[in-house]
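Values below: every heavy atom of this structure, side chains too, minus hydrogens, waters and symmetry copies. Just so you know, ligand 1 is whichever comes first in the structure, and atom 1 is the first atom listed for that ligand.
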Amino acid sequence: MADIMIAPSILSADFAAMGEAVKNLEKWNADWVHCDVMDGEFVPNITFGMPMVEALRRNTSLFLDVHLMIVKPERYVERFVKAGADLVTFHPEASDDAFATIEMIKSAGAKAGIVLNPDVPCSVAEKFIDKVDLVMLMGVFPGFGGQKFIPEVMEKISVLKAMTDGKNVLAELDGGVTLENAPEMVRRGLDVMVAGNAVFKASDPARAIMCLKSGITSL
Ligand code: DX5
Ligand code: ZN
């Protein structure tokens, strides 16, 4: 089994020092950078758009994992890829044509993934599984960092991993990851773990990333 990859969410970083945040993530051995794009409509919060992704791209060579929490993502996916996104994920219910949106992302040259909210069953991913590079499970209802993990989502990791077995599709989880619940996610075979507060609010973020990867449950 490959080592779990950690994708710290810069939503929990200092917005006045994003260049520094991604440079730190390289030093701290993060694998990906998770970028939370919110439009104030699909979720009750507004964050940032393509200019931020483009600015991050200029400051890091880390893989940029762009999570779109926006209505009709098809309007913007190509511009996010042009800005430097390596992976674009979106919520299929927000799109008028999720299959076409996946194709747009891929033809623009990035990897494509869909995101399932906590109340969306894994069966929704079935029809997309041969088209996408990744499926991301939300561990919280999207909108804010630092929320508490919804425990029922843990079992969905195993259901999703059974679905992706033998396929070239990664399983990612976003929201509510802590040093305490991470080891069970790793045991269930998760490939990529997003961590916002667990990394950026830790007294020693580099050690927090190391602990998440190796199943150590306290700093
Ligand atoms: C939630 C975002 C998550 C969030 C994760 O709407 O999509 O990526 O920033 O933050 P933590 O790990 O603090 O729950
Ligand atoms: Zn996210």
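Contact check on Arg188 versus Glu155 returns a salt bridge, with a Lys/Arg side-chain nitrogen under 4.0 Å from an Asp/Glu carboxylate oxygen.
Sorting the N, O or S atoms of Asp174 by how far they are from the Zn ion (ligand 2) puts OD2 first. Per residue His34, closest N, O or S atom to the Zn ion (ligand 2): atom name NE2. Restricting His67 to its N, O or S atoms, the one at the least distance from the Zn ion (ligand 2) is ND1. Closest to the Zn ion (ligand 2) among the N, O or S atoms of Asp36 is OD1.
The backbone N or O of Asp36 sits less than 3.5 Å from a side-chain atom of Thr47, completing a donor-acceptor pair.
Within a 6.0 Å radius of NZ in Lys82, no more than 12 heavy atoms belonging to other residues, nucleotides or ligands are found. At most 12 non-hydrogen atoms from other residues, nucleotides or ligands lie less than 6.0 angstrom from CG of Asn168. The number of heavy-atom neighbours closer than 6.0 Å to NZ of Lys201, taken from other residues, nucleotides and ligands shown, is above 12.
Side chain to side chain, Asp65 and His67 fail the donor-acceptor criterion of an N or O pair below 3.5 Å.
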Starting from the N and O atoms of ligand 1, find every protein N or O within less than 3.5 Å and list the pair with its distance.
residue  : atom   : partner : partner atom : Å
ligand 1 : 6 (O)  : Gly143  : N            : 2.7
ligand 1 : 7 (O)  : Asp36   : OD1          : 2.9
ligand 1 : 7 (O)  : His67   : ND1          : 3.3
ligand 1 : 7 (O)  : Asp174  : OD2          : 2.9
ligand 1 : 8 (O)  : His34   : NE2          : 3.3
ligand 1 : 8 (O)  : Asp36   : OD1          : 3.1
ligand 1 : 8 (O)  : Asp36   : OD2          : 2.7
ligand 1 : 8 (O)  : Asp174  : OD1          : 2.6
ligand 1 : 8 (O)  : Asp174  : OD2          : 3.0
ligand 1 : 9 (O)  : Ser9    : OG           : 3.2
ligand 1 : 9 (O)  : Asp36   : OD2          : 3.0
ligand 1 : 12 (O) : Gly196  : N            : 2.7
ligand 1 : 13 (O) : Gly146  : N            : 2.8
ligand 1 : 13 (O) : Asn197  : N            : 2.9
ligand 1 : 14 (O) : Gly176  : N            : 2.9

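For the residue pair Val177 and Ala198, the shortest heavy atom distance occurs at O-CB, 3.4 Å.
Scored by the ring pair (Phe, Tyr, Trp, His ring centres under 6.0 Å) test, Tyr76 finds no partners at all (sequence neighbours excluded).
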